[in-house]
Amino acid sequence: MSLQFYYFNLMPYAALDLEERKKYQTAWLNLPSRLYDREDGRALYARWIGDYIKADALGFDGVGVNEHHQTAYGMMPSPIVIASILARETKRAKICILGSAIPLRENPLTLAEEHAMIDTISGGRLITGFVRGIGAEYHVFGANPALSHERFHEAHDLIIKAWTSDEPFAWEGKHYEFQYVNLWPKPYQRPYPKIFIPSQGSKETIDWAAHPSRRYTYCQTFSPMVVVKKYLDMYKETAAAFGYECPPEQLAWSTMTYVAETDEQAVREVKPHFENFRNYFLKMPMPMLMPPGYSSVSSMMSIMKAKGNITGDMTAEQAVDLGFLIAGSPQTVRQRIEESQKLMGYGHFMTQIAFGTMPKELSDKNLTLFATEVMQPMQNQSRAAVAA
Amino acid sequence: MAKSKQILERSKFTWMDCSSEVVEFGEGPALLYLHGAGGAGPLFDGEKPAAFLEQLATRFRVILPEHPGFGDIDRPEWLRSIHDLAYYYLDFIEQRGLRDVHLVGSSLGGWIALEMAVRNTSALASLCISGAAGIRLEGVQRADIFLWSREEFIQNCIVNDAKREQMLSALAENISPERQARVLRAWETTALLGWNPRMHDPQLKYWLHRINVPTLVVWADQDRVTPLAYGEAFARMIPVAKLTVLAEAGHLTHIDQPIRFADAVATFAQELAA
């Protein structure tokens, strides 16, 4: 399989009044919704959905959506709504829900139903992603973070069984109990869609995703390049310990790219919008990101040590150095993707093209340049290699 | 102060697939102290108990167990709600053969004590709660402790300037990974028990009338976690209850006002005996 390209959009509320935002600690949880303007919201939905459709037409192998609640960071509390639209409005691209936060649902079967509908309506183009939801969602939902892992695993097992059973069954679990599980419709893909597991790096997640009974694609998000490599390597080693060689199809990297005419121009243009994204949309205090019990004690300790970067600020230049952001001329961006792909052996490259406060003219240019001068030449090259 | 009687005795209480550490010291009637969300660790500086405990130990045999899910061991499978800890400590009293126990609980520990007392008071001589969780009062604003950093927790729970500064500077020091793990585990178990409904049991208020032992409600005048209105409500809802309000104190009343806290407990017990 050649490298797969995915267009990913958080659908930020790009119209956010930054001066107002600066009066608060974060764009999450309790940034007052009076800062949301319905006309701006309407225009942004039109713009972001339009971009997904354009990405499909430009030849991206997939388009990605995800779920966050009560935040200006993303206008997608329900990825199901957007994925449903894309199921009809896109033609070829896979539709990746990366992911649905299954422990937040009182009844995870509603999610199994919705994903099955989208897979069927799109003719089998769904890639399913399961996540626990970040810490902030547990504050929003009142869902108990100390039960998050247990609920995630049980909800997952329930969904898989519901997708694969041909007869009604009863579910008697620790967190969920249903007398009648009998899914109509079931997914179009048999036995069920491919599953991606987005993560910011956790040994427990890797052990679970790499297990031979699952072999889910592990997707490292929002991390400096060394951290991406560390966790993708960990996944490969885990697979090897399980007795199989991890193919590129099981590894994905989700990052941000910005392409302009020259390296210098790219950094100059992306700088304010990346920094707004990083420092005003993404940033949140540690107790919000990591509520007690959200991860095991040992994971929490290593995350607290490593993740100073989500609670602190970062410049665009630092982000480029760290490989958190790829910015440059088409040649530079292509080179960085090729080098990192060779180094890390991932099979899926997911990228955000429009982020933070980026205006339409820049995100349009970025999308076109990335697609036509980075992605398409790489796709053509691997097609030629296959043909030869 | 009879220091010789304050030698700490440490033992393990092994029960329900769970082994927790119990510290005992002092001499006198049995006083079972149930710690709050921070765990037992912060109540000792090495072998030296916090001032309020030292003071209590001049009058009581202080028995201080660490709750399951706190300390060094992950929570047991059976632990899911505050009710489980209530039954666990009723078992503890029974297994240890304790009688006429003065049950004292702060914050989360106060909630456990209340849940025990609505179930069975036969081994209790008295109950004392301070800054207890367990009920929700409509319209009384409570802070969200789970959004506080540890610094903010200290800033919001300690009123005494010198003590607050001392605790903040201790926090700034590099704490050992073991201690850090204990803090994280304590908060994890607190979230397990009190994330939603937030630090209360919606049914508890209907059964407080069952508490048939003399009850002392000690409350801080400046408690931001469970404001004084909570202390007043408990004093109203528990049949035989006395409210003592301590001035110049925050949610960690026993830290802010150690001597007055211990004296209030001791005086209450003495009056009962008389």
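Labels below follow one simple rule: chain letters A, B, ... track the order of the sequence lines, proteins then strands, and each chain is numbered from 1. Nothing here was measured: the structure is a model prediction, and the numbers come from that model.
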Just wondering, more than 12 heavy atoms not from Glu177(A) lying within 6.0 Å of its CD?
-> yes
Count the heavy atoms belonging to other residues, nucleotides or ligands that lie under 6.0 Å from NZ of Lys163(B), then report whether that count exceeds 12.
-> yes
Give the C-alpha distance, both sets of side-chain angles, the deciding distance and a yes or no for side-chain contact (heavy atoms from CB on, under 4.5 Å) between Glu77(B) and Lys174(A).
-> CA-CA 11 Å; Glu77(B) 168 67 19; Lys174(A) 184 170 176 188; 3.4 Å; yes
Taking Trp195(B) for the side chain and Ala143(A) for the main chain, is one N or O donor matched with an acceptor at less than 3.5 Å?
-> yes
Under 4.5 Å from a heavy atom of chain B, the part of Ser295(A) involved | backbone
Output the option from Ser298(A), Gly142(A), Pro291(A) having the highest count of non-hydrogen pairs under 4.5 Å with chain B.
-> Gly142(A)
Examine distances only and state if a side-chain atom of Asn196(B) and a backbone atom of Asn144(A) form a donor-acceptor pair shorter than 3.5 Å.
-> no
Within 6.0 angstrom of Arg214(A) CZ, more than 12 heavy atoms from elsewhere = yes
Does atom CZ of Phe242(A) have more than 12 heavy-atom neighbours, drawn from other residues, nucleotides or ligands, at distances under 6.0 Å?
-> yes
Which residues from residues 137-154 of chain B are near chain A, with near meaning under 4.5 Å between non-hydrogen atoms?
-> Asp144(B), Phe146(B), Leu147(B), Trp148(B), Ser149(B)
Pro177(B) to Met301(A) - nearest heavy-atom pair and separation | O-CE, 3.3 Å
Salt-bridge test for Glu150(A) and Arg80(B): reply yes if a basic N is under 4.0 Å from a carboxylate O, no otherwise.
-> no
Minimum heavy-atom distance between Glu188(B) and Gly293(A), given as atom pair plus value = CG-CA, 3.5 Å
Checking heavy atoms, do the side chain of Tyr294(A), its backbone, both or neither come under 4.5 Å from chain B?
-> neither
Arg136(B), CZ: over 12 other non-hydrogen atoms inside 6.0 angstrom = no
